[in-house]
Amino acid sequence: MAAESARSRRRLGAAAAMRSAAEQLAQMLGRVPDSVSSLKPVEDGWEARVEVVELQRIPDTTSVMGSYRVVLDSRGELLSFERVRRYSRGTTDRPT
């Protein structure tokens with residue numbers, strides 16, 4: 001029983017957390033994520049940035065993308081998400 005309890009508290013690995021963030025966000029939004037652009041461990045789980053096509057356009061470089069901050073607990077369960085940026089796919093970040 002103690003081993004099972006320890007396993008349930010163990011932090012999910014990075015690859016599994018990345019998949020979990022993308023899959024759960026897809027369920028919430030009803031759209032398939034394009035990519036996971038960042039993933040970092042936080043105190044009680046993971047924080048990911050997931051890129052989603054919000055409006056498909058032709059040419060593809062003009063499609064509207066949404067960047068979402070996704071927070072997972074240590075087992076990979078979705079705690080929260082929020083869109084933090086909207087941009088055209090062809091846009092590049094400029095150094096600040």
Side-chain angles (χ1 to χ4, degrees):
M1 193 63 138
E4 183 179 318
S5 178
R7 270 196 297 269
S8 67
R9 288 192 307 259
R10 188 179 310 160
R11 180 187 293 270
L12 191 67
M18 204 157 86
R19 283 190 301 275
S20 184
E23 290 168 1
Q24 291 182 75
L25 186 63
Q27 290 174 356
M28 298 300 288
L29 298 178
R31 297 185 196 106
V32 177
D34 191 64
S35 64
V36 177
S37 58
S38 73
L39 178 72
K40 66 180 178 180
V42 292
E43 186 174 332
D44 294 324
W46 294 94
E47 184 176 302
R49 186 68 59 102
V50 182
E51 311 305 316
V52 176
V53 177
E54 296 198 332
L55 181 59
Q56 187 72 43
R57 292 188 174 156
I58 299 174
D60 192 47
T61 55
T62 63
S63 292
V64 177
M65 304 293 294
S67 185
Y68 288 81
R69 184 175 73 89
V70 178
V71 178
L72 306 174
D73 68 15
S74 61
R75 293 170 294 142
E77 295 298 317
L78 180 71
L79 295 176
S80 67
F81 72 94
E82 67 177 316
R83 185 175 63 202
V84 293
R85 181 175 175 228
R86 244 180 146 195
Y87 60 97
S88 294
R89 185 189 290 270
T91 305
T92 58
D93 288 335
R94 295 185 181 139
T96 54

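All values derive from a computational prediction rather than experimental measurement.
Screening residues 25-35 for side-chain hydrogen bond (donor to acceptor under 3.5 Å, both in side chains) gives Asp34-Arg89 as the qualifying pairs, with residues at least two apart or on separate chains.
Grouping Ile, Leu, Val, Met, Phe, Trp and Tyr by side-chain contacts under 4.5 Å, direct or through others, puts Val50 with Leu12, Met18, Leu25, Met28, Leu29, Val36, Leu39, Trp46, Val52, Tyr68, Val70, Leu72, Leu78, Phe81. Cluster partners of Val64 are Leu55, counting Ile, Leu, Val, Met, Phe, Trp and Tyr whose side-chain heavy atoms approach within less than 4.5 Å, directly or via other members.
Scanning both residues, Val53 and Gln56, for their nearest heavy atoms gives CG1-OE1, 3.5 Å.
Taking CG of Asp60 as the reference point, atom OG of Ser88 lies at 11.0 Å (rounded to 0.5 Å). Rounded to the nearest 0.5 angstrom, Arg57 CZ and Ser63 OG are separated by 8.0 Å. Glu47 CD to Ser38 OG: the interatomic distance, rounded to the nearest 0.5 Å, is 7.0 Å. Rounded to the nearest 0.5 angstrom, Arg49 CZ and Arg69 CZ are separated by 8.0 Å. In this structure, the separation between OG on Ser74 and CD on Glu43 is 11.0 Å, given to the nearest 0.5 Å.
Side chain of Ser20 to backbone of Gly76: a donor-acceptor contact under 3.5 angstrom is found.
The side-chain heavy atoms of Gln24 and Glu77, taken from C-beta on, include a pair separated by under 4.5 Å.
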